[in-house]
Amino acid sequence: MAKSIEEPVEISSVGTTARPGPLTANLIRSIGIIGAVSMLPLVMPINIATEILIFGIFAMAANLLIGTAGLYSFGQAAFFGTGGYAAGYLLAHGWTSLPLALVVACGSGGLIAAAVGILSIRRLGIYFMMLTFAFNQLVYYIVYSWRSVTGGEDGMAGIRRPVLELPFVGSFSFDDNRSFYALASVLFLATMIVLVRMVNSPFGLVLAASRQNSRRTVSLGYPVPMLQLVAFVIAGAISGVAGALFAMLYRIMPIDSVHWTGSAYVVFMVVIGGQRSMLGPVIGAAVFIWLQGLFSLVWTRWPLLLGVFVIVIMAFLPNGLVGFVSKLSSWTVKGRGQRQC
């Protein structure tokens, strides 16, 4: 008697490409990032490598707003500078330890961000950008005028790198630039871990949903303005820590660090690298700092060249360099699969 049901046909695996699972891919990505951070001082001056990590922290904080919540803030330099000046003032007078200085920088950046966010977060689009820009300039004017504390247009000099005392372990000095790079590396990796987990948490998913459609997210019962304010404060606090590291790196906090151009530059870093992952802003920060040094050697009006580069990226690579590399790799994998078929 013939079978009424056909035998299952075994599908051949020829032409398919084995892809790593999520855990394997994350492990490979993590090892790659740690390896890149370890190799960075070997291919460039140590101060530039440290600056890339510091601005990588700053750019990741900005990307929590831009890439996740869809909030283009032009006031991040105010939080960066506030953290740097607050920690720098204590360190210059020898009044605090390293952990406490970082806590003060984090708290001061978050506090100013809370004050700005409460007044700005309910505005959308260009109104939000202009409000954050206006508050940035207000902070700049305060720093410029308060010469007895901030040093005015000369900046705050004499900032020290205090010794880190750990119980049962010993003391660590960061006067050497390589040891300070190690400190920046630890804080950079810790910031990336925290922000990646935050973006992938329910909190981050609601922020991403509000970026897609804010009204629908509110109609589902989520307190979108409150969550956006929390994200704004977190981004400000992390920016303050980056500012403190920058102050300790060069032992001076320049007034340019709180100028609105600093807020524009960190937005450029996010746009250049890409907004869809926390790695994108770090790549953008590295490319921006490299181009800044290169263009400044070519022409005194180097910001014009940098602006043209950003326009090209926005016009032809809307997802940034990381998005372009990701798309290129997917095309390569697809092409190999078709050739094997």
Side-chain angles (χ1 to χ4, degrees), residues 47-48 50-66 71-88 105-106 108-110 112-113 116-117 120 128-146 150-156 159 184 188 191 232 235-273 281-282 284-293 295-296 301-307 309-310:
N47 282 356
I48 302 301
T50 308
E51 188 174 341
I52 288 175
L53 294 188
I54 292 172
F55 279 95
I57 295 173
F58 189 24
M60 286 190 292
N63 193 45
L64 178 64
L65 300 178
I66 298 172
L71 300 173
Y72 280 82
S73 170
F74 278 82
Q76 297 305 109
F79 317 135
F80 179 90
T82 298
Y85 274 104
C106 180
S108 59
I112 298 298
V116 174
S120 306
F128 174 79
M129 289 190 287
M130 293 307 296
L131 277 172
T132 55
F133 169 80
F135 281 114
N136 195 140
Q137 289 304 93
L138 176 62
V139 172
Y140 175 82
Y141 179 76
I142 293 173
V143 171
Y144 181 85
S145 304
W146 202 358
T150 64
E153 60 183 348
D154 297 327
M156 180 183 291
I159 298 173
F188 168 79
T191 301
F232 198 81
I238 295 174
S239 300
V241 173
L245 290 174
F246 183 79
M248 286 187 282
L249 172 62
Y250 293 111
R251 304 177 192 270
I252 186 173
M253 196 63 186
I255 193 171
D256 290 345
S257 62
V258 292
H259 197 262
W260 71 268
T261 53
S263 298
Y265 289 161
V266 75
V267 173
F268 290 167
M269 293 175 189
V270 174
V271 170
I272 291 171
V282 178
V287 171
F288 182 90
I289 292 173
W290 175 68
L291 289 178
Q292 186 180 23
F295 290 159
S296 63
R301 298 181 179 179
W302 60 267
L304 290 176
L305 299 177
L306 195 59
F309 178 78
V310 173

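No experiment lies behind these values; they were computed from the predicted model shown.
When all heavy atoms of Met253 and Gly81 are compared, the pair lying nearest together is CE-CA, 3.8 Å. Contact between Leu65 and Ser73 at its shortest, heavy atoms only, is CD1-CB, 4.1 Å. Between Leu306 and Leu291 the shortest heavy-atom distance is CD1-CB, 4.0 Å. When all heavy atoms of Ser120 and Leu131 are compared, the pair lying nearest together is OG-CB, 3.7 Å. Nearest heavy atoms, Ala285 versus Gly56: CB-N, 4.0 Å. The heavy-atom pair separating Glu153 from Ile255 by the smallest distance is O-CG2, 3.8 Å.
Residues Phe232 and Val116 are in side-chain contact: their nearest non-hydrogen atoms beyond the backbone lie under 4.5 Å apart. Residues Ile57 and Ile238 have side chains in contact (heavy-atom distance under 4.5 Å, counting atoms from C-beta outward). Between Phe295 and Pro303, the closest side-chain pair of non-hydrogen atoms is not below 4.5 Å. Side-chain atoms of Leu245 and Met248, non-hydrogen and from C-beta on, do get closer than 4.5 Å to each other. Contact check for Ile272 versus Phe309: side-chain heavy atoms found under the 4.5 Å cut-off. Here the side chains of Ser108 and Tyr85 are not in contact, with every heavy-atom distance at 4.5 Å or above.
Using the six-membered ring where Trp is involved, Phe268 and Phe288 have ring planes that are tilted, between 30° and 60° apart. Between Phe133 and Trp260, the two ring planes are perpendicular [angle over 60°; tilted spans 30° to 60°].
Residues passing the side-chain hydrogen bond (donor to acceptor under 3.5 Å, both in side chains) test with Thr261 are His259, sequence neighbours excluded.
In this structure, CD on Glu51 lies 4.5 Å from CD1 on Ile289, to the nearest 0.5 angstrom. Annotation: the span from Ser239 atom OG to Ile112 atom CD1 amounts to 12.5 Å, rounded to 0.5 Å.
Note on residues 130-145: pairs passing side chain to side chain donor-acceptor pair (under 3.5 Å), not counting sequence neighbours, are Asn136-Ser263.
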- [ ] Take Phe58 and Tyr265, measure what ring-ring contact (aromatic ring centres under 6.0 Å, His included) needs, and give me the verdict at the end.
- [x] CA-CA 11 Å; Phe58 189 24; Tyr265 289 161; over 10 Å; no
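Between the side chain of Thr150 and the backbone N or O of Trp146 there is at least one donor-acceptor pair closer than 3.5 Å.
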